[in-house]
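Let me begin by presenting the structure, written as structure tokens, before commenting on it.
As the structure is a prediction and not an experimental result, all values here were calculated from the model. Convention: sequence-line order gives letters A, B, ...; per-chain numbering from 1.
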Amino acid sequence: MSVASGVLDRLTYEGASALSREAVAQWKDKGGKVVGWVCIYAPEEVLHAAGILPIRIMGSTEPHSIADAYLQSNMCPFVRSCFSQGILKEYQYLDGILSSHTCDAMVKLFDAWRVYVGAQFAFLIDQPHVINRFSYEYHMGELDRLVKQVEAFAGVAVTPESLRQSNRVYNENRLLLKELYELRKSENPPLTGSQVHDVVRAGMIIPKEQHNLLLKELLAELSDSHPPKAKGPRLMISGSCIDTPIFPKIVEESGGQVVVDDLCFGSRYFWDLVAEEGDPLQALSRRYMDKTHCACIPLPRDSRYDFMRQLIVDYRVEGVIFYGQKFCDPFAYDFPDHKPRLEKDGIPVMQLEVEHASVGAGQLKTRVQAFIEMIA
Amino acid sequence: MIVAGCDVGSTTGKLVVMEDDRLLASAIVPTRPLSDQTAYDALEAALRGSGLKQEDIALVIGTGYGRLNIPFAQRNVTEISCHGLGAFWADPEIRTIIDIGGQDCKVIRIDENGGVIEFAMNDKCAAGTGRFLEETARGLGVGIEDLGPLSLQAKDGVKLSSYCSVFAETEVINLLSEGIALEEIAAGINQAIASRLASLVKRVGVQEKVVITGGVSKNSGVVKGIEDRLGVSLARIKVDPQLIGAIGASLFAQRSAQRTTRLTEWRTARRWDAYAV
């Protein structure tokens, strides 16, 4: 279903992990600092502007029970998986952690990480959950506080020039990813959903500049490819943190195509640009406040559905799979709102409640296959 | 055309042979460790004494947990679609199917063509399934087939936890040691399943007629408990409700063989361009 590509081999799940290890080692050799971020509401651009390498903390492809010894049982599998990796010393190279108060599980992970994994630098940005003129001001104050602490930690000033430059690099990355997504609108997309998932994930764990170069190479390779005829209904996955390509692969193995997503390891990460004119910090704040939100930011209520609906139309989606992680309350509340709206628009939907995607794959496959049979 | 459907479930394997809409032969056999063994057992048992040979069967479709490992099946369809179509064949007025198998339970809503429009399944835990009955019946020291008749003799029935089948078995042993009558406990067991199932049905919505399929449909206590909770009477159908999945698979085989399907028409009607703005 996809085309052969040399760059793509380097951007697979394992390939990108290897690139990340190399990049981190080089960064550290030069005396640079590396800070981990967890949630896409963490403004990593500020780290970048201070010469710190931002790396997204994520879980692994296998479930680990070690987190059960530290976290209560109602924490989502994503947080458990991330925390396990910390405890298993997979993130020993990190000098700090930057996270945001998006959902309670994120806060819990941040707290537990500081205590049990340890972090020289730890900052939790308080992301407003309601968007209005008061909260715009409040978020700006949070960014100011972040800049000051990052500067103190890095020993480098975050100047308007350096931040503007970082914003530019991030925008370039977003535009390249959007160009890649554009190709998925085709009747026969050149990449599968799980491949795209890997490509997007790669950008979170290697330097943005390196990812931009790789994306340019990839887009050049794909520009004259002739993808084989695609099979199966065109589907969208919507949900919170899917940090491995396991689930998109399950959908593909069950006979569906994942042509677009509404995920923070996908479109929601890069969809919105930052304004390049005016005060760069102000622009950054507006970007995070006005971006395509996740279910944790419930107001304004309609914008999430409007975004999803636009993707459905643009990518000719024939069915939506809501991937709910166990104990993920924000998305569990999202579903009853979105389901009737989608049904009114004639889009078949299915909701899944999943532990780690690698557990109970047989049952998961039965449901996904039945959904595909239902709409195919 | 003679076709077959083979449903390899977690507890039993089912196989039916059909010609057009007619049931020619069927069998229910216990599941063995490997799906292909179960499938061959079921095939052999169904053909035995039927006057049919394997060569007479033009096409086989597999379904159930073991659907990918049935050597003589040409294709597989999930048990969800199969139960939908099978129940529709049994009674075209059926719109809601409650299927309680050995290790899962599902509620399926179908349209006026037997196509699935919505479904819900238990999440990765055996509560509300046949396994729950097996565990608790064992604790009670009676056969699983006795649970239904026993429970119907109860006055009130005891309250049992409906969530964990392992804990429920412990509870059963405790109740026995307290001297509670067998039939009261049996009623508690059946009510626990019925209440789990009723919540699952409410997630999808009840639309009559409602039918119950799968092995647990043979437990009269569970059936009555579900009827009471949902306030509907469950449809009685002309065949063994445990065979519905296999029948659905064989109907898919029939359609596949004839290459004319309502499903294709359904898909065409649902194409994105029909509803995109």
Which residues in residues 65-78 of chain B have any heavy atom closer than 4.5 Å to a heavy atom of chain A? Tyr65(B), Arg67(B), Asn76(B), Val77(B), Thr78(B)
Using a cut-off of under 4.5 Å on heavy-atom pairs, state which of Lys339(A), Gln351(A), Lys365(A) scores highest against chain B. Lys339(A)
With a 4.5 Å cut-off on side-chain heavy atoms, are Ile237(A) and Phe322(A) touching? no
Flag for Thr129(B)-Asp104(B): side-chain donor and acceptor within less than 3.5 Å: no
Mind telling me whether Phe265(A) and Phe78(A) have parallel, tilted or perpendicular rings, with 30° and 60° as the class edges? perpendicular
Mind checking which of residues 32-40 of chain B sit less than 4.5 Å from chain A, heavy atom to heavy atom? none
Which one of Met121(B), Glu118(B), Glu79(B), His83(B) satisfies the side chain to side chain contact (heavy atoms under 4.5 Å, CB included) criterion with Ile108(B)? His83(B)
Identify which of Val349(A), Leu364(A), Thr366(A) forms the greatest number of heavy-atom pairs closer than 4.5 Å to chain B. Thr366(A)
Side chains of Thr213(B) and Asp99(B): any donor to acceptor distance under 3.5 Å? yes
Could you walk me through whether Ile321(A) and Leu235(A) pass the side-chain contact (heavy atoms from CB on, under 4.5 Å) check? CA-CA 7 Å; Ile321(A) 299 176; Leu235(A) 304 174; 4.2 Å; yes
Is it true that the side chains of Asp334(A) and Tyr305(A) contain a donor and an acceptor less than 3.5 Å apart? no
Could you check whether Glu252(A) and Ser194(A), counting side-chain N and O atoms only, form a donor-acceptor pair closer than 3.5 Å? yes
Check step by step if ring-ring contact (aromatic ring centres under 6.0 Å, His included) holds for Phe331(A) and Tyr323(A). CA-CA 9 Å; Phe331(A) 278 85; Tyr323(A) 182 99; over 10 Å; no
Does a donor on one side chain sit under 3.5 Å from an acceptor on the other, for Thr192(A) and Gln257(A)? no
